[in-house]
Amino acid sequence: MDIYQHFRKEEQPFIDQVLSWKERVEQTFQPKLTDFLDPREQQLVEMLVGLNNPELKLDKHGGGLNTERKRMVIAPFYEEIAEESFQLTLLQTTYPDKFITIEHRDVMGAFLSMGIKRTKLGDIYAADGLIQIVLADEVSPYVTANLNAIKKATVTFGEQPLTLLKEKQERWVEADKTVSSLRLDAVIKEIYHISRKDASALIEKLQVKVNHKVVDDTKFQLQEGDMISLRGKGRSKLTAINGMTKKDKWKISIASLK
């Protein structure tokens, strides 16, 4: 059976990578620690490696209970996976929030400008004069030594225990919808209560992401579990596809972040 038929074409390179990780662990009996993965990538690893695989053990950790980006460990079934196995560091600094506003994207931009790959960075917290970033142990010393300014604020990062990580409390509101098709423009129309024409325009203007990646194709077919975000309008999940109505429309369930 062709394993690729169950996934999107653009996901095939990552699928190949996961399968190579799995094979290496099975052959060498050595655990594999991944870089930070977004939720869709985590889902693919779970599907391909198997949460109930009798030969392998799989776990993930991003520093806190509700972190979005996580590192994963694939290990032989007898191997112990501890918090230390994920090699996570929490860096923290403060800034004068009475005089400057620093947002998530500002911290991200400063981090990436150092030439470090996004895959080495986990979740970011920036609010009320406090900045926290979760990152891979191996890049922590470099970031601590060189990341000394964000926007116009001078910052000095220091390491903190993961137990001090602050996380935004997210509230997801669920709803059932009926859509004419599973095309991206049709679903965007229903979720965000805009016209099909406006939905298409926003997609073409690169303001829509699916699973954290910009999608510019209005005909893009959504699947169960997809994360959708519209710039300035927030994020939603396609949590379930519930079949067809008598009028040949799709019944779906969504969850929107409030």
Side-chain angles (χ1 to χ4, degrees), residues 2-12 14-15 18 36-48 50-52 60 62 64-70 72 103-105 108 123-125 127 167-258:
D2 182 9
I3 193 170
Y4 297 114
Q5 67 179 322
H6 302 290
F7 304 99
R8 296 184 175 114
K9 185 176 181 180
E10 61 268 22
E11 293 175 332
Q12 290 184 8
F14 183 73
I15 290 168
V18 175
F36 285 96
L37 306 178
D38 64 40
R40 174 57 177 171
E41 291 169 334
Q42 296 166 36
Q43 183 183 42
L44 290 174
V45 174
E46 290 170 350
M47 294 168 69
L48 294 164
L51 289 172
N52 298 311
K60 58 186 178 181
L65 294 174
N66 301 310
T67 45
E68 189 169 83
R69 294 176 59 79
K70 303 178 190 292
M72 301 188 80
E103 300 177 346
H104 181 283
R105 61 184 177 181
M108 172 83 76
D123 282 17
I124 295 170
Y125 177 90
E167 299 184 74
K168 291 183 178 179
Q169 297 300 313
E170 296 185 338
R171 184 170 69 92
W172 293 88
V173 178
E174 297 186 356
D176 293 325
K177 300 280 187 180
T178 301
V179 293
S180 58
S181 77
L182 295 176
R183 281 173 44 142
L184 182 57
D185 56 355
V187 177
I188 287 285
K189 168 184 178 292
E190 291 297 325
I191 292 177
Y192 297 101
H193 307 291
I194 57 178
S195 69
R196 185 82 169 255
K197 181 180 179 181
D198 287 344
S200 298
L202 290 167
I203 295 166
E204 291 167 356
K205 289 178 182 177
L206 309 181
Q207 295 189 30
V208 176
K209 291 184 178 180
V210 178
N211 299 324
H212 308 273
K213 297 177 177 63
V214 173
V215 175
D216 61 2
D217 181 7
T218 59
K219 299 178 182 178
F220 185 88
Q221 293 291 309
L222 292 170
Q223 298 176 0
E224 194 168 278
D226 282 342
M227 175 79 77
I228 306 157
S229 61
L230 174 59
R231 187 182 302 172
K233 296 290 186 179
R235 294 183 296 166
S236 298
K237 299 175 186 176
L238 178 55
T239 56
I241 298 173
N242 304 314
M244 305 285 287
T245 68
K246 293 180 179 179
K247 295 184 177 180
D248 291 331
K249 291 192 173 184
W250 288 96
K251 296 183 291 184
I252 63 172
S253 297
I254 64 163
S256 298
L257 186 60
K258 300 298 182 181

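FYI, side chains are in, hydrogens and waters are out, and symmetry mates aren't considered; it's all heavy atoms of this structure.
Between Thr67 and Phe36, the closest side-chain pair of non-hydrogen atoms is not below 4.5 Å. Counting heavy atoms from C-beta outward, Ser181 and Lys219 have side chains that stay 4.5 Å or more apart. Residues Leu230 and Ile191 are not in side-chain contact: their nearest non-hydrogen atoms beyond the backbone lie 4.5 Å or more apart. Inter-residue side-chain proximity for Val208 and Asp185 is flagged as unmet; no heavy-atom pair is nearer than 4.5 Å. By the 4.5 Å heavy-atom criterion applied to side chains, Trp250 and Met244 are counted as neighbours. Side-chain contact between Lys189 and Ser180 is absent, with no heavy-atom pair separated by less than 4.5 Å. A heavy-atom distance below 4.5 Å is found between the side chains of Val45 and Phe14. In this structure the side chain of Gln223 reaches within 4.5 angstrom of the side chain of Arg8, judged on heavy atoms.
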Given Val187 and Glu190, is the side-chain contact (heavy atoms from CB on, under 4.5 Å) satisfied, shown in steps? CA-CA 5 Å; Val187 177; Glu190 291 297 325; 5.9 Å; no
Residue pair Thr245, Lys251: steps toward the side-chain contact (heavy atoms from CB on, under 4.5 Å) verdict: CA-CA 7 Å; Thr245 68; Lys251 296 183 291 184; 3.4 Å; yes
Can you list the steps and then say if Ile124 with Met108 is a side-chain contact (heavy atoms from CB on, under 4.5 Å)? CA-CA 8 Å; Ile124 295 170; Met108 172 83 76; 4.1 Å; yes
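Atom CZ in Arg69 sits 7.5 Å away from atom CG in Leu37 (nearest 0.5 Å). Between the CD atom in Glu46 and the CE atom in Met72 there is a gap of 4.5 Å [rounded to 0.5 Å]. The CG atom of Leu238 sits 8.5 Å away from atom CD1 of Ile254, with the distance rounded to the nearest 0.5 Å. The distance from atom NZ of Lys233 to atom OG of Ser256, rounded to the nearest 0.5 Å, is 12.5 Å. Interatomic distance, Glu41 CD to Lys70 NZ, rounded to the nearest 0.5 Å: 13.5 Å. Atom CZ of Arg231 and atom NZ of Lys205 lie 11.0 Å apart (nearest 0.5 Å).
The backbone N or O of Met227 lies less than 3.5 Å from a partner atom in the side chain of Asn211, making a donor-acceptor pair. A donor-acceptor contact shorter than 3.5 Å links the side chain of Glu167 to the backbone of Asn66. For the pair Asp123 (side chain) and Glu68 (backbone), a donor-acceptor distance under 3.5 Å is present.
Tyr192 and Ser236 get closest at one heavy-atom pair: OH-OG, 3.6 Å. Considering every non-hydrogen atom in both Ser253 and Asp176, the closest pair reads OG-OD1, 2.7 Å. The two residues Arg40 and Phe7 come nearest to each other via the heavy atoms NH2-CD2, 4.2 Å.
For Glu10 and Lys213, the salt-bridge test fails: no basic side-chain N is under 4.0 Å from an acidic carboxylate O. With respect to Lys209 and Asp38, no salt bridge is recorded, no charged nitrogen being found less than 4.0 Å from a carboxylate O.
For the pairing with Ile188, the side chain to side chain contact (heavy atoms under 4.5 Å, CB included) check across Leu222, Asp198, Ile228, Thr218 returns one residue only, Ile228.
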